[in-house]
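Since the structure is predicted, the reported quantities are computational estimates derived from the model, not experimental observations.
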Amino acid sequence: MRIVWIGLGCLALLTLTMFFDTLVAPGSRVVGQVHDDLALHFLWWREFGFGELAKGNLALWNPHIFSGAPFFGAMQSALLYPPNWLFLALPLPLATNWSIALSVWLLGAFMYLWAWRRGLHPFAAFVSAALLMFCAPYFLHVPAGHLNILCAIPWIPLLFLAIEEWLASRRLAWCLIGMLTVSMQILSGHPQYVYFTALAAGGYALLRLAERRDHRAAAAAGLLSFYAGGALLAAVQLFVGFQAMAETIRSQALPFQFAASFNFPPENLITLVAPGFFGDVTNHPYWGRWYLWEACAFIGVTGVALAVYGMTTVKMAGKKALLTVAAIAALLALGNSTPLFRILFDWMPLFDRFRGAGKFIFITALVLVLLAGYGLDRILRERNVPMRALWVGGAIAVALCAAATAIRTVDWSVVTAAVLATGQTYVDRQVFPASQAFASLGLLLAGLTLAAAVCLALWVRRERRAVFLLGALAVGEVFAFARMQRTTFDSALLVVPQLRQFLAEHPGEYRILNLWNPNTAMSLRSTPGATTPVSRAAMPSSSNGAKAGIRTGPRTT
């Protein structure tokens, strides 16, 4: 067990390195972007919900927006999710940053435990965990400010671990861990990931059960208890959530075209090796279809190479089941680009209540990083990489560099026009002239990185310790990518200071209209009502140039 604690400690050091400046410095800076969900929603939900909880009140109702709205029953409040209790002990900005960092570490920790229990070398398990922590399908939700998604995803590898351990040993402890895992994901505040995870984990469990020849009924009963027991543990949240959902659009099937939106565009498969081909968060605006955080599959060029090597050379328990789940998840992520989405939309219960099928790409990434761990584990144990694999890797590296050169010679207007014609991009046309060079640079970096990985693998044939440099390259890739996408903003600037001062000096009930960030009313503790506006203030421009008008007036009856 000592090696486990060392691995978890190293993952904690990686997490601290990524977020250190936001975890120790007091102030109002938080991790995320000023125009995305953290600034627009989650900061205010956390401040209001846990502010009330600190007073001994469970906030069932939010009186500060619209004419009031369900709060606890809306699920995303996540008041009962234990890691969120940081918001009871720390100032809002610091609690937010620690919540994000803790979620990233939990994902790595559970992935490490899964890989280690599968028998991987501790270093291979560490690399696999680090790849998952900083891969695009997960980490891009950090700048997007999706706190509930960041909290829901880490429990997925633990659920897969519990499934495998229960099937292998049928010990009650793993049933209890499975129940706890499901309940934690429910309480984390993102029902869609609970449902998508259930589909993936359920499919994997069925495939593994089909491999067994005895005691299938008992094994299946234990697996079913994961969700039955998890639902009971989270029953307080579930029952209220179902009641609130019955009065919303979620109680009915969505229109097909709406449900099919925000899929993973097929052309974005190139982001497996070139995450910035269509732009990124900080260096060049994303101009591809939909949103970057659900349309980028990057797990590192070295990670992909190791995954392919592991997939083609290693024998492992449940390999067929894992590959099947990864392939089906990838097809589902493509949404209505394949017939499978329509079939499930028509026949799978509750599948027609969600949009954003691109979220399935995380399941594919999960399996790929596990396979990457197996690939590195094989190299660690055999201290040798076949020359045939090295020649293939070298050829692909040359092809990527050649493609980078070719990109600069094509008629780029044809490419951008095809994207614009879909009506699924939100970018300003002014970014297109520079996008060609940026896409070419992404492919060039991919080719050079793969060439470096091939050279290190070749060196392993002479120097065994070079394998650790290969693992370090894999981790360094995704870490550097994630660090470049990590942004911060000053949360103190989200609320107009003059308005806060006015409300402090003139206590009462007011109606506030903030077109840019309506949820700030929850921080101001204002109560909506029918009013006659008596004053007007202009909100300072945000980083994206948005402005909002705020009207205040005494509440009338």
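Between W155 atom CH2 and M184 atom CE the span is 6.0 Å, to the nearest 0.5 Å. For the atom pair NE2 (H146) and CG (D36), the distance works out to 6.5 Å, reported to the nearest 0.5 Å. One finds the CG atom of L332 at 8.5 Å from the OG1 atom of T364 (value rounded to the nearest 0.5 Å). Between F139 atom CZ and M133 atom CE the span is 9.0 Å, to the nearest 0.5 Å. Note that CG of L368 is 4.5 Å distant from CD1 of I299, once rounded to the nearest 0.5 Å. In this structure, CG in L292 is found 10.5 Å from CZ in F278, a value given to the nearest 0.5 Å.
With respect to F48, the ring-ring contact (aromatic ring centres under 6.0 Å, His included) criterion is satisfied by exactly one of F72, W61, F71, F42: F71. When each of W98, F50, Y81 is tested with F87 by the rule ring-ring contact (aromatic ring centres under 6.0 Å, His included), just one qualifies, namely F50. Shown are I149, L150, L147, I153; of these, the side-chain contact (heavy atoms from CB on, under 4.5 Å) with H190 is made only by I149.
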Decide side chain to side chain contact (heavy atoms under 4.5 Å, CB included) for Y138 and L107; before the verdict, give the C-alpha distance in whole Å, the side-chain angles of both, and the deciding distance to 0.1 Å. CA-CA 9 Å; Y138 180 70; L107 177 61; 3.4 Å; yes
Determine whether T96 and V31 satisfy the following criterion, side chain to side chain contact (heavy atoms under 4.5 Å, CB included), listing intermediate values before the conclusion. CA-CA 8 Å; T96 301; V31 178; over 6 Å; no
Evaluate the criterion side-chain hydrogen bond (donor to acceptor under 3.5 Å, both in side chains) for residue pair T487 and Q33; output intermediate values, then yes/no. CA-CA 6 Å; T487 55; Q33 295 191 103; 4.6 Å; no
Worked verdict on F468 versus F123 for ring pair (Phe, Tyr, Trp, His ring centres under 6.0 Å): CA-CA 8 Å; F468 294 100; F123 182 67; 4.9 Å; yes
Full working for side chain to side chain contact (heavy atoms under 4.5 Å, CB included) between M522 and E47: CA-CA 8 Å; M522 299 166 67; E47 182 179 13; over 6 Å; no
List the steps and the verdict of ring pair (Phe, Tyr, Trp, His ring centres under 6.0 Å) for F354 and Y195. CA-CA 9 Å; F354 302 102; Y195 181 72; 5.5 Å; yes
Checking Y112 against S128 for the side chain to side chain contact (heavy atoms under 4.5 Å, CB included) test, could you report, in this order, the C-alpha distance in whole Å, the side-chain angles of both residues, the deciding distance, and whether it holds? CA-CA 7 Å; Y112 180 84; S128 187; over 6 Å; no
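Side-chain contact check for F134 versus V142: every heavy-atom pair is 4.5 Å or farther apart. Taking the side chain as every heavy atom from C-beta outward, I163 and L223 approach each other to under 4.5 Å. In this structure the side chain of P70 never reaches within 4.5 angstrom of the side chain of L60, judged on heavy atoms. Within the 4.5 Å cutoff, the side chain of L370 has heavy atoms near those of the Y374 side chain. Between P157 and W114, the closest side-chain pair of non-hydrogen atoms falls below 4.5 Å. Between L158 and L180, every side-chain heavy-atom pair lies at or beyond the 4.5 Å cut-off. A heavy-atom distance below 4.5 Å is found between the side chains of I328 and L340. V182 places none of its side-chain heavy atoms less than 4.5 Å from the side chain of M179.
Centroid-to-centroid, the aromatic rings of F481 and F298 come within less than 6.0 Å. Checked against a 6.0 Å centroid threshold, the rings of F160 and Y204 count as neighbours.
In this structure, the side chain of N62 does not engage the main chain of G68 through any donor-acceptor pair within 3.5 Å. Formation of a donor-acceptor pair under 3.5 Å by the Q237 side chain with backbone atoms of I186 is not found in this model. Remark: the backbone N or O of A210 is paired with a side-chain donor or acceptor of R216 at under 3.5 angstrom. Not one N or O on the side chain of N519 forms a donor-acceptor pair closer than 3.5 Å with the backbone of W44. Here the side chain of N97 pairs a donor or acceptor atom with the backbone of T22 at under 3.5 angstrom. Between the side chain of N268 and the main chain of A295, a donor-acceptor pair closer than 3.5 Å is present. At least one donor-acceptor pair under 3.5 Å links the side chain of T181 to the backbone N or O of I177. A donor-acceptor pair under 3.5 Å links the side-chain atoms of N148 to the main chain of G189, judged by distance alone. Of the possible polar contacts, one joining the R378 side chain to the T313 backbone as a donor-acceptor pair under 3.5 Å is found. Under the 3.5 Å distance criterion, the side-chain polar atoms of T197 are left unmatched by any main-chain donor or acceptor of I156.
Nearest approach of L334 to F264, heavy atoms of both residues: CD2-O, 3.2 Å. When all heavy atoms of S188 and A78 are compared, the pair lying nearest together is O-CB, 3.6 Å. Taking both residues in full, the closest heavy atoms of A130 and L14 are given as CB-CD1, 3.8 Å, listed atom of the first, atom of the second, then distance. The minimum heavy-atom distance linking W105 with L11 is given by the pair CD1-C, 3.7 Å. The two atoms that bring A136 and C296 nearest to each other are CB-SG, 3.5 Å, heavy atoms only. Considering every non-hydrogen atom in both M75 and G241, the closest pair reads SD-CA, 3.9 Å.
Residue pairs meeting the ring-ring contact (aromatic ring centres under 6.0 Å, His included) criterion with at least one partner in residues 227-254, sequence neighbours excluded, do not occur; the list is empty. Pairs engaging residues 306-352 under the ring-ring contact (aromatic ring centres under 6.0 Å, His included) rule: F256-F341, F256-F345, F341-F351 [sequence neighbours left out]. Every pair passing salt bridge (Lys or Arg N to Asp or Glu O under 4.0 Å) that includes a residue from residues 359-373 is listed here, sequence neighbours excluded: E294-K359.
Other residues, nucleotides and ligands contribute more than 12 heavy atoms inside 6.0 Å of the CD atom of E211. Counting non-hydrogen atoms of neighbouring residues, nucleotides and ligands closer than 6.0 angstrom, the NZ atom of K320 reaches no more than 12 such neighbours. Atom CZ of R170 sits in a crowded spot, with more than 12 heavy atoms from other residues, nucleotides or ligands closer than 6.0 Å.
Aromatic ring orientation, F196 versus F360: parallel (interplanar angle below 30°, classes split at 30° and 60°). Taking the six-membered ring for Trp and thresholds of 30 and 60 degrees, Y426 and F262 have nearly parallel ring planes, at less than 30 degrees apart.
By the 4.0 Å N-to-carboxylate-O rule, E164 lies close enough to R118 to be salt-bridged with it.
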